[in-house]
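Reminder, nothing fancy here: chain letters follow the sequence lines and each chain counts from 1.
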Amino acid sequence: MADAVLFEFLHTEMVAELWARDPDPGSGGKKKSLSVLEGLGFRVGQALGERLPRETLAFREELDALKFLCKDLWAAMFQKHMDGLRTNHQGTYVLQDNSFPLLITMGSGSQYLEEAPKFLAFTCGLLCGALHTLGFQSLVTASVAALPACKSLGSPQV
Amino acid sequence: MAVCIAVIAKENYPLYIRSTPTENELKFHYMVHTSLDVVDEKISAMGKALVDQRELYLGLLYPTEDYKVYDYVTNSKVKFVMVVDSSNTALRDNEIRSMFRKLHNSYTDVMCNPFYNPGDRIQSRAFDNMVTSMMIQVC
């Protein structure tokens, strides 16, 4: 589907634009750009969290909402399901994606490991926003061990 | 005839309230407010259905008028409350459900509008027009 690639290009440009002004921003500027990206993702996540579950049944527990994220949200955004969902039963969920579409084009292995977090900020915000609409205040962080696999840790609290 | 339609946010404050007969608007606001308690009760009672429907006959309080109050809760805990004049008994379940579906669709559109801040009062004209059409059509 051509549409998937449109979003990927747009996303790459967004990240490039925020970094283009100041190629070596130092930790203060870098944080600001990351939070701008997360903010963008948050607003989009809020809207998606409203639109996507429209015809589905009510979410009775946290797990339902997480499953919705892994299946419906991921399928709508990236045309694939999330590869793994684990929990430590104490409120933290680990969402694993072994071939994250936004990172796949960068090559596999550990070559661009330090650049990867920039490309994950928007998606973190997206998850956070969607969870927010569904009623959970949460903290989402992402980590990359080896491209293109990435893990997101979310700790939702009602 | 739908006399009053309200959209209540997750934190139980109104995002949008509109009623037709201009006499006691406050009365409708009050009715909507009291209906929120019943909604919360129903939500905590757990059920698989998404549509929470409740019929409330206020015949006791208002011997001259009867109202039915329906309401619908979305996954994001936003409640749509509709007060209907029950002298119009031709209104069937299906019609109420389709009205709520239209409301939900319009609300989703409002949410996706980048100029709208989630949590603000709804000021979209499209939403207004849709609600007006619902209030007049049923009447």
Asks: Taking all non-hydrogen atoms of both residues, which atom of A/Gln46 and which atom of B/Met111 are closest, and how far apart?
Replies: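 Heavy-atom minimum between the residues: O-CE, 4.1 Å.
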
Asks: At a 4.5 Å cut-off on heavy atoms, which part of B/Asp109 comes close to chain A: side chain, backbone, both, or neither?
Replies: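 Both backbone and side chain.
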
Asks: Answer yes or no: does atom CZ of A/Phe9 have more than 12 heavy-atom neighbours from other residues, nucleotides or ligands under 6.0 Å?
Replies: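 Counting neighbours around CZ of A/Phe9, 12 or fewer heavy atoms of other residues, nucleotides or ligands fall under 6.0 Å, so no.
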
Asks: Group every Ile, Leu, Val, Met, Phe, Trp and Tyr by side-chain heavy-atom contacts under 4.5 Å, then state whether A/Leu73 and A/Phe119 land in the same group.
Replies: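 Shared cluster, yes.
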
Asks: Is it the case that atom NZ in A/Lys80 sees more than 12 heavy atoms from other parts of the structure closer than 6.0 Å?
Replies: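 Yes, the 6.0 Å shell around NZ holds more than 12 heavy atoms from other groups.
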
Asks: Below 4.5 Å, heavy atoms only, C-beta onward: do A/Arg51 and B/Cys112 meet side chain to side chain?
Replies: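 Yes. Closest side-chain heavy atoms under 4.5 Å.
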
Asks: Does A/Val15 share a hydrophobic cluster with A/Val36, counting links as ILVMFWY side-chain heavy atoms below 4.5 Å and allowing steps through other members?
Replies: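 Same cluster.
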
